[in-house]
Amino acid sequence: GYGGRLMTPIIDEDRVVVSFMSSSWGNQGPPLHRYVAFDKKDGKVIWWSAPGEKPFDTTYAIPVVAVIDGKRMLIAPNGDGNIYGMLARTGEKVWTFKMSLRGLNSSPVVDGSFVYVCNGEENIDTTEMGRVVCIDASKTGDITKTGEVWRVEGIKAGFSSPALANGRLYVLDNSANLFALDAKTGKQYWMHSLGRVGKGSPTVTADGVIYVGEQNGVFHILKDEGDKVVSLDKEEFQGPNDTIDEIYGSPAIVDGRVYFMTRYNTYC
């Protein structure tokens, strides 16, 4: 990968999939955002795929796997600003959705045939920065126009990935504003300011409790109460010598415990 920068690998069936920017020789000479699938048992290469155009940025959006319309697919935001649907077992491109003039850094979430993805940079067809989009991923080809179900303009969520729970999409923008949107229509139910910088993605439980960190060392526990959100708890963490213990990642919730990492520590 370019400068050694790799995305987090994912495991699907018997494959380990890694994506990165690369340029080497032969048919891999041009600089492109590439995906490679290895056999997880012996490391042999199963397929290579480079579905996109020349990338604008080094990006870190981890692809997700979903079965859509009977096809096992890899849903992959790309360094060229597009999202691609690829067959997970072969790497073959099924569809393209063009979204941003810069690379995409947030991972998508999938519900049935619907894919939700965010962007914090220039949009391809408006002068506004940032967008949240719902895509019908059952289509094929260039689905930029035909596959859009709804969009919300102006939400600059370039780093945090959305969370989907209880029919709602939760999106944290770059300025740490948390939005609750209707997953079917994009209607906004409420917006809540967590602080100044949003990087880590929220995690939402079945009872509507939201766990999310703000970059400046503040961790929030919130409750979605329909047309409003209430704060249940807020904790501020400090690093050594009274520095800010920054939070960039997402919390994991298992068996009644919440785990998350800060710059200097791991908490339960």
**OP:** Heavy atoms only: give me the nearest P202-L178 pair and the separation to one decimal.
**Re:** CG-CD1, 4.3 Å
Subject >> Residue pair V17, V36: steps toward the side-chain contact (heavy atoms from CB on, under 4.5 Å) verdict >> reply: CA-CA 6 Å; V17 182; V36 57; over 6 Å; no
**OP:** Looking only at non-hydrogen atoms, find the nearest pair between I124 and K98 and report the distance.
**Re:** CD1-O, 3.2 Å
Subject >> From CA spacing to verdict: ring pair (Phe, Tyr, Trp, His ring centres under 6.0 Å), F237, Y267 >> reply: CA-CA 10 Å; F237 297 96; Y267 290 96; 4.3 Å; yes
**OP:** Would you mind listing every ring-ring contact (aromatic ring centres under 6.0 Å, His included) that reaches into residues 179-231, with sequence neighbours excluded?
**Re:** F219-F260
Original post:
Of V149, V132, D111, which is the lone residue that meets side-chain contact (heavy atoms from CB on, under 4.5 Å) with Y116?
Top reply: D111
Subject >> Enclosure of R263 CZ (heavy-atom neighbours >12, cutoff 6.0 Å) >> reply: no
Original post:
Just wondering, more than 12 heavy atoms not from K199 lying within 6.0 Å of its NZ?
Top reply: yes
Subject >> Residue pair G29 / R34: nearest heavy atoms and the distance that separates them >> reply: N-NH2, 4.1 Å
Original post:
Taking atom types as modelled and ignoring hydrogens, do the side chains of Y170 and N166 form a donor-acceptor contact shorter than 3.5 angstrom?
Top reply: no
Subject >> Minimum side-chain heavy-atom gap L222-L194 below 4.5 Å >> reply: yes
**OP:** Report yes if the side chains of K40 and R15 come closer than 4.5 Å at any heavy-atom pair, otherwise no.
**Re:** no
Subject >> side chain to side chain contact (heavy atoms under 4.5 Å, CB included) partners for R151, two or more places apart >> reply: D125, T126, R131, V133, E148, E153
Original post:
Side chains of E121 and N119: donor-acceptor distance under 3.5 Å anywhere?
Top reply: no
Subject >> NZ/K223: more than 12 non-hydrogen atoms of other groups inside 6.0 Å >> reply: yes
Subject >> Where V65 and L74 come nearest, the two heavy atoms and their spacing >> reply: CG2-CD1, 3.7 Å
